[in-house]
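Report on one structure; see the data block that follows.
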Amino acid sequence: MAENSTRSDPMFCIGSLTKHISATLILHQLEQLQWKGYTYTVGTLVTDIIPALGLEYSQLANATIEDILSHRTGLAEFFGPFLVGYPTGSSRLDLAKIAARLPRIHPSGTSYVYNNHVFSLSGLIAETLGELLYGKPKRWEELASDLLQEAGVSTGDFSFADTVEDARVEKGFLSVDGKLRAMDPEVRQLIAPAGAAGSLCITPQAMARWMSFLLRRGEDSSVSRETIVNPWTTRNINPSTILSSVEFPDGPVVNARCGYGLGWGCYSYRGHKYVAHGGGFYAFISKLLVFPDQNISIFTSTSGPGTSDVAITMRKLHLYIFDRLMGYSPQPLDFVCPPPLLTPAPTSKTLDNFVPLRILEGFLGEYQHGVFGTIKVIVKNKEVRLLAGRFGEAILVNCVSHPDNTAVCQLEFTGILWWISGSDAFKNDKQTNRTAIFRLVHNAEQEARTLTLPLYSSAAPPLFTRKPRANGITSLQITERATETIKPNSADKNRSGNVSLMTILIISPSCQLKILPVFLILSMAVLMIGLA
C-alpha cells in the first residue's frame, strides 16, 4: 500500500473488477441449485430464469446467462446513463427493461460488445437465483457479501460504492490542466442500481484474501474449483489483438488479447495464458491479473488522476513484475516508467459562428425517448442548460448551425459532474462526445423538433423527441459564453491532495508473499509499492 495513503485500511473502488465476482457468484448459485435438482446452467435463457420480465419478444429473447456475462448479446453499449446517473428510485428491474430495448448492432451470441448496462442484469439474475436457493429475497449486495466472506474476507473490509461511508474510501482525484482536483463523494451514487457491473470497494488486505482464494481455486470453502476456473475459459473467440510487442535478442515478446470469458478478459504473454480485467470508477483505476498455471496474481489500484495512461502503465508494470518473478530478462525499465500522468489538455477554442441567442429559445422544453426517459432544456442563471438523468446538468455553449437544419452545441457540465467536460481524462477522450444535436423545424421561431445525444452512446446515439409546449413562454435573458477551462480554486482545500496507490502480489496458492520493491512516479510523488 502506498505510504501516502490517508488511512490505515482504505477502500479503493474497483469498478468493473466487480464483474468477475458477479460471474463467480452466479456460477456458484447454479451449482448449488443443480444439487437441489434444478437444471439451470450458463446456457439457460434469461427469460426462463426471470419470466416476469417478459423478454420473449425483446432484444434479449435469445440471450443466455453466458451471453450476459461474456458481453455477447450484440446490443449497443449505452454508457451515458452511468455518467449522468439513473433516475432516483430506479430498480434493477427497471434497468433490465431498458436493456431489453437497446438497439442491436450484432446478431445475438456472435460478437463481443462490452456492455455495462446489459451486464448489470447479472445482479437481477443473482437475486432471482438466490431467492430459489434461500426461499426469500436477498439483494445482490448481500449475496456478493456472502461470497466474499466464503473467501475469508471480513465484512468490514469491503463495501459498495453507493452505500459506503465517505471516511472508509480513499478520496478520488482527477487531473485538471495537470493539477489534482477532488471529486465529490456523491459521484459514487451514479452506479446505483447497476452495482453488479462495478460497485465494489475493497481494502488491500481484503483483496489479498480474495486473490489467494482464486489461486487456491476455492479450497476450504463451499465454492468448487470448477466455479473458479470456468470463467477463465474464452467465450468470445475474436481475432487476437496485439497489445504490445517488444524486441529482444532472441525474438519479440508479445502480449495479446485472445477473447473474453465470464467477467474476465483472456490474454497471452510470452506464451503463458492469463486472465485480467481493468476497472475504472471515475477517478479510480484498477487492474487485476491472474496467471493460473504459475499461481501468480497481481493487483493495482489508484485513486487518481483517471487518465488513460495510468491503465497502460499498470499493465506494463504488472508484466514487468511477472518477468522478474519468472526469472525472465525483464523488459527495459523505460517500458515500465510511465509518461507524465498529468498532462495538460489542449486549450479550448472559441467558435465565432454562434447560433443567434433568439434561436436558443426554440430549444427549450422536454425531450422524450421511449427507453431513456426525459431530458429537459431550461434557462437557469440566464444560461440555457440541459438536464439529464439524476445528476447531469450542462450549459449549452458554442452552438453552431449547419446547412442540414441542425444546430450542434457543446455541453459544459457543472455541479458534481464538472469532470465530464473539465478534467484532462475526459477532454482527451475522443470517444466521449459532449455535444447536443438539435434538428430544427422551419417556422417563425425556428424551434427544435428533436435532440440527439451522442454522450449516451457513440454507436447508436438516442434521438429524443420534443414535447409540444404551452404558449406564453417569455423571452430569454441569456449570457453569451466562450468555452472556458475549469481551473481548481487554490483556496478550496478539497481540491488538492495526494493520489493513493496500492499493489498486491501473491505468488503461490499457500498465499506466501514475496517483497519486490518497485518505484512509480505518479503525480509528482514517488510512491513505493510494497508488494508484501
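Since we're looking at a predicted model, the values are computed, not measured.
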- Message: Can you see whether S16 engages H277 through a side-chain donor-acceptor pair at a distance of less than 3.5 angstrom?
- Response: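 H277 and S16 do not have a side-chain donor-acceptor pair below 3.5 Å.
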
- Hey, are N255 and Y274 close enough side-chain-wise for a donor-acceptor pair under 3.5 Å?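 Y274 vs N255: donor-acceptor pair found between side chains.
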
- Item | Chi angles and distances behind the side-chain contact (heavy atoms from CB on, under 4.5 Å) call for R101, Q59 | CA-CA 6 Å; R101 300 175 63 186; Q59 296 282 45; 5.7 Å; no

Do any N or O atoms from the side chain of [X] and from the backbone of [Y] form a donor-acceptor pair under 3.5 angstrom?
{"X": "T452", "Y": "L463", "value": "no"}
{"X": "N381", "Y": "E383", "value": "no"}
{"X": "T406", "Y": "F438", "value": "no"}
{"X": "S154", "Y": "G156", "value": "no"}
{"X": "D157", "Y": "I202", "value": "no"}
{"X": "D166", "Y": "P185", "value": "no"}
{"X": "S22", "Y": "A196", "value": "yes"}
{"X": "D162", "Y": "R188", "value": "no"}
{"X": "S421", "Y": "F413", "value": "yes"}
{"X": "R92", "Y": "L124", "value": "no"}

Shortest non-hydrogen separation from [X] to [Y] and the atoms involved:
{"X": "S286", "Y": "C13", "value": "OG-O, 4.0 Å"}
{"X": "P454", "Y": "I437", "value": "CG-CD1, 4.0 Å"}
{"X": "K171", "Y": "A182", "value": "CD-CB, 3.8 Å"}
{"X": "A388", "Y": "I375", "value": "CB-CG1, 4.0 Å"}
{"X": "A96", "Y": "L121", "value": "CA-CD1, 3.8 Å"}
{"X": "G306", "Y": "L174", "value": "CA-CD2, 3.9 Å"}

Between [X] and [Y], is any pair of side-chain heavy atoms under 4.5 Å apart?
{"X": "L83", "Y": "W419", "answer": "yes"}
{"X": "E66", "Y": "R72", "answer": "yes"}
{"X": "L53", "Y": "L60", "answer": "no"}
{"X": "H71", "Y": "K19", "answer": "yes"}
{"X": "L69", "Y": "L27", "answer": "yes"}
{"X": "T73", "Y": "I68", "answer": "yes"}
{"X": "L288", "Y": "W264", "answer": "yes"}
{"X": "T435", "Y": "Q410", "answer": "yes"}

What's the spacing between [X] [atom1] and [Y] [atom2] if we round to 0.5 Å?
{"X": "R315", "Y": "K287", "atom1": "CZ", "atom2": "NZ", "result": "6.5 Å"}
{"X": "F213", "Y": "E150", "atom1": "CZ", "atom2": "CD", "result": "6.5 Å"}
{"X": "K376", "Y": "F464", "atom1": "NZ", "atom2": "CZ", "result": "13.5 Å"}
{"X": "T18", "Y": "W140", "atom1": "OG1", "atom2": "CH2", "result": "5.5 Å"}
{"X": "E141", "Y": "S199", "atom1": "CD", "atom2": "OG", "result": "5.5 Å"}
{"X": "R466", "Y": "R439", "atom1": "CZ", "atom2": "CZ", "result": "15.0 Å"}

- Message: Counting neighbours of NZ on K138 that are heavy atoms of other residues, nucleotides or ligands and sit closer than 6.0 Å, is the number greater than 12?
- Response: yes

- Message: Could you walk me through whether M314 and T302 satisfy the side-chain contact (heavy atoms from CB on, under 4.5 Å) test, starting with their C-alpha distance in whole Å, then the side-chain angles of each, then the deciding distance to 0.1 Å, before giving a yes or no?
- Response: CA-CA 10 Å; M314 283 182 178; T302 179; 3.4 Å; yes

- Task: Please determine which of F79, F372, Y86 meets the ring pair (Phe, Tyr, Trp, His ring centres under 6.0 Å) test together with H117.
- Result: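 One option only clears the test, and that one is Y86.
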
- Task: Mind running side-chain contact (heavy atoms from CB on, under 4.5 Å) on F82 and I191 for me, showing each step along the way?
- Result: CA-CA 6 Å; F82 278 84; I191 192 66; 3.7 Å; yes

- Item | F78 ring center near Y456 ring center (under 6.0 Å) | no

- Query: Should the ring pair H20 and W210 be called parallel, tilted or perpendicular, given that the plane angle runs from 0 to 90° and is split at 30 and 60?
  - Reply: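 It falls in the tilted class, 30° to 60°.
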
- Chi angles and distances behind the side-chain contact (heavy atoms from CB on, under 4.5 Å) call for V118, D67: CA-CA 10 Å; V118 172; D67 292 335; over 6 Å; no

